[in-house]
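Presented below is the structure to which this report refers.
Just so it is clear, the values below take in all heavy atoms, side chains as well, and ignore hydrogens, waters and symmetry mates. A, B, ... follow the sequence lines: proteins, then strands. Residue 1 opens every chain.
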Amino acid sequence: MSNTSSPSTVSMETLAALCKRRGFIFQSSEIYGGINGFWDYGPLGAELKRNVRGLWWREMTREREDVVGLDATIIMHPSIWKASGHLDTFADPMVDCKSCKSRWRADQIAEEQGKKIEIEITEDGKKHYKMPAGVKCPKCGSANFTEVRPFNLMFATHVGPIESDDNKAYLRPETAQAIFVQFKNVLDTSRQKVPFGICQIGKAFRNEVTPRNYTFRSREFEQMELQFFIRPDEAVELICGHVAQLTPDTDLSEPHADWGWEIWHKYWVEKRLAWYRSIGLPKASLVEYWQAKDELAHYARACVDIQFAFPFGIQELEGIAARSDYDLTQHHIHSGKSQEVFDDELKAAVAKLDDAARTAFADKVAADWQAAGKSPEAAHTFCAKLFDGRYIPHDIEPSAGVDRLVLALLSDAYCEEKIADDKGKEETRVVMRFNPKVAPIKLAIFPLLKNRPELVAKAREIYLSLRSRWNVFYDESGAIGRRYRRQDEIGTPFGVTVDFQTLEDNTVTWRDRDTMKQERVAISELATRLQNAETGKQ
RNA sequence: GCGGGAGUAGCUCAGUGGUAGAGCGUCACCUUGCCAAGGUGAAUGUCGUGGGUUCAAAUCCCAUCUCCCGCUCCA
């Protein structure tokens with residue numbers, strides 16, 4: 001991963017200090033010395049994070065007819081992790097070179113040197129790895145390794161009162177599998193049909209070797225993800241007679257029936273990028289990174305990382321993977337429960353073909369599959385199912401880290417300005433330039449002076465009239481300028497001040513966080529202004 | 001987990017064996033007619049934690065936890 005420095009000037013230390021000082025983020029269990037890789041969100045952080053989740057949920061399901069939500073458990077049947085491959089691939093055997101102190105994946109360096117790592121399974125089912133003789137450290141050439149130790153990234157626990165291997169369970173290392181294993185239930189109950197998606201927001205856990213970069217890599221984190229299920233390209237071809245080709249001119253604004261996985265994937269990449277921009281992340285700080293073929297997971301056809309220029313480097317916010325039918329197929333096989341769907345349109349399209357056309361189609365698919373290194377027999381089985389109107393859907397997965405996005409919003413928002421006061425003395429103004437949509441507090445309401453009961457009463461009245469709809473904040477302590485600055489530092493986009501003129505004509509001064517400009521606004525107009533700020537109209 | 005650096009008030013830090021400090025912030029009261037004004041007062045630390053050396057430890061020694069940088073991994 002690149003270490004390109006971000007255009008942002010804020011250091012992680014400065015940002016973390018502000019987050020703690022103002023109550024965005026605290027270290028978990030701090031009074032007991034903290035616990036590595038776990039973070040708590042304070043009052044403002046909790047609001048910020050809720051806003052992010054809310055905006056995502058609204059965009060991904062409420063405002064779409066083809067996506068529904070799910071809220072699944074963190075602990076699930078352990079067989080799920082066997083089927084998904086996490087039990088095997090999440091336990092990396094690691095060694096350290098005692099000579100040069102470098103660390104390696106034992107299986108990888110053994111394989112590179114033409115050897116195979118020895119695995120011994122003990123009676124209690126535990127795996128013991130042994131480095132074969134003759135393997136040398138790729139860095140210094142020494143063969144002086146520590147013992148091979150497995151690092152399983154899944155947190156394990158036991159279900160029920162007795163701890164034994166029979167009731168071992170895991171905290172989910174990703175939310176995706178929960179969606180796959182409920183795919184059929186959702187399909188049967190939601191009156192959706194392919195193509196459609198299931199989205200979920202929830203916690204996931206990884207026992208990371210080294211949590212790092214503030215909240216960026218945590219052991220407990222939250223994901224927002226969509227699994228969008230589509231027809232296999234072969235089914236699209238049978239129904240539409242062709243599969244649309246992705247070109248630079250392809251209109252991605254509305255889905256079309258002739259889209260194959262490639263256009264659907266591109267569609268979601270564009271959708272997600274547009275969403276990040278809509279919540280205030282500038283286009284320039286977002287990077288669309290297309291993984292090279294050799295970086296892809298074995299089941300993935302394509303994967304795009306949406307990256308953000310963090311102060312510590314350009315790092316991933318979201319991955320959008322075309323996962324083929326891999327996951328549902330795994331569960332189809334391991335659970336013994338069919339994950340196939342029946343597609344009326346497909347069945348109707350196939351009914352119009354004669355036997356010769358079907359044979360020709362199946363032969364073409366077999367040839368394509370063979371060219372891609374898959375067996376032609378499997379292709380014929382697949383086509384026989386297709387002709388019956390059945391297939392296992394393919395999947396496009398846009399999967400984002402909530403905590404990472406919150407960190408991106410915080411680091412993007414942070415801004416220090418040099419401004420001169422009326423005496424010409426220069427001072428620094430710290431401003432969190434959150435987009436109003438995500439800002440923890442939308443509006444601060446101040447009486448100009450707190451020792452004038454009539455001003456206080458009016459300001460309280462405005463506060464009480466708005467707070468059921470927006471997170472607004474009332475503050476009467478300190479000089480007015482000081483109160484403005486306090487709000488700047490927590491990113492409140494607007495402030496209104498009740499002064500003596502308010503008592504005469506029901507107007508207040510409306511102060512903009514970014515420009516510091518003030519204008520006279522009727523109290524009756526405040527709700528409209530807040531609503532416009534939230535919908536992006538200004 | 002390994003190597004390097006660091007932990008003192010909410011924050012930034014001073015304090016190198018002899019009674020725990022500063023600035024900012026926070027809170028209260030006064031003051032204040034629009035951008036961190038001023039005044040008075042207050043709260044907040046068993047100096048990361050545990051042990052040891054010493055008449056005496058924030059300071060020296062050991063262990064441990066946490067944070068930062070690198071290896072590894074990823075949403």
Next item on the list: Just say parallel, tilted or perpendicular for the rings of A/Phe310 and A/Phe312, cut-offs at 30° and 60°.
Entry: parallel

Margin query: Output the rounded distance in Å from CZ (A/Arg485) to C1' (B/G25).
Written below: 15 Å

Margin query: Using a heavy-atom cut-off of 4.0 Å across all strands, would you classify A/Glu174 as base, sugar-phosphate, or nothing?
Written below: nothing

Item checked: cation_pi(A/Arg511, A/Tyr484) dist<6.0 Å, angle<=45 -> yes

Next item on the list: Compare side-chain N and O positions of A/Arg482 against OP1 and OP2 of B/G25 and report whether any pair is under 4.0 Å apart.
Entry: yes

Next item on the list: Please answer whether B/A75 and A/Phe221 are stacked, defined here as ring centres separated by less than 5.5 Å and planes angled under 30°.
Entry: yes

Notebook entry, point to check: Just to confirm, is there a sub-4.0 Å distance from OP1 or OP2 of B/C24 to any side-chain nitrogen or oxygen of A/Arg486?
Noted result: no

Notebook entry, point to check: Taking OP1 and OP2 of B/C11, is either one under 4.0 Å from a side-chain nitrogen or oxygen of A/Lys20?
Noted result: yes

Item checked: Closest nucleotide among B/U31, B/A75, B/C34 to the A/Gln223 side chain -> B/A75

Item checked: Distance, rounded to the nearest Å, where A/Arg53 contributes CZ and B/A75 contributes P -> 20 Å

Next item on the list: May I have the distance from A/Gln200 (atom CD) to B/A75 (atom C1'), rounded to whole angstrom?
Entry: 14 Å

Margin query: Counting the atoms with a prime plus P, OP1 and OP2 as sugar-phosphate, which does A/Asn213 contact under 4.0 Å by heavy atoms, base, sugar-phosphate, or nothing?
Written below: sugar-phosphate

Notebook entry, point to check: OP1 or OP2 of B/C35 sitting under 4.0 Å from any side-chain N/O of A/Lys517?
Noted result: no

Item checked: Integer-rounded Å distance: B/C74 C1' and A/Phe308 CZ -> 18 Å

Margin query: For the residue pair A/Glu288 / A/Trp290, report whether a side-chain donor-acceptor contact shorter than 3.5 Å exists.
Written below: yes

Margin query: B/C65, OP1 or OP2 - any side-chain N/O from A/Asn36 closer than 4.0 Å?
Written below: no

Note to self: Can you measure A/Arg206 atom CZ to B/U72 atom P for me and round it to whole angstrom units?
What the structure shows: 18 Å

Note to self: Over all strands shown, is A/Gly37 touching base, sugar-phosphate only, or nothing at heavy-atom distances under 4.0 angstrom?
What the structure shows: sugar-phosphate

Item checked: Ring geometry between A/Trp264 and A/Phe228 (parallel below 30°, tilted from 30 to 60°, perpendicular above 60°) -> tilted

Notebook entry, point to check: What about A/Gln518: does its side chain form a donor-acceptor pair under 3.5 Å with the base of B/C34?
Noted result: yes

Note to self: Taking any heavy-atom pair under 4.0 Å as a contact, classify A/Ser218: base, sugar-phosphate, or nothing.
What the structure shows: base

Notebook entry, point to check: Roughly how many Å is it from CG in A/Asp475 to P in B/C35, rounded to a whole number?
Noted result: 17 Å

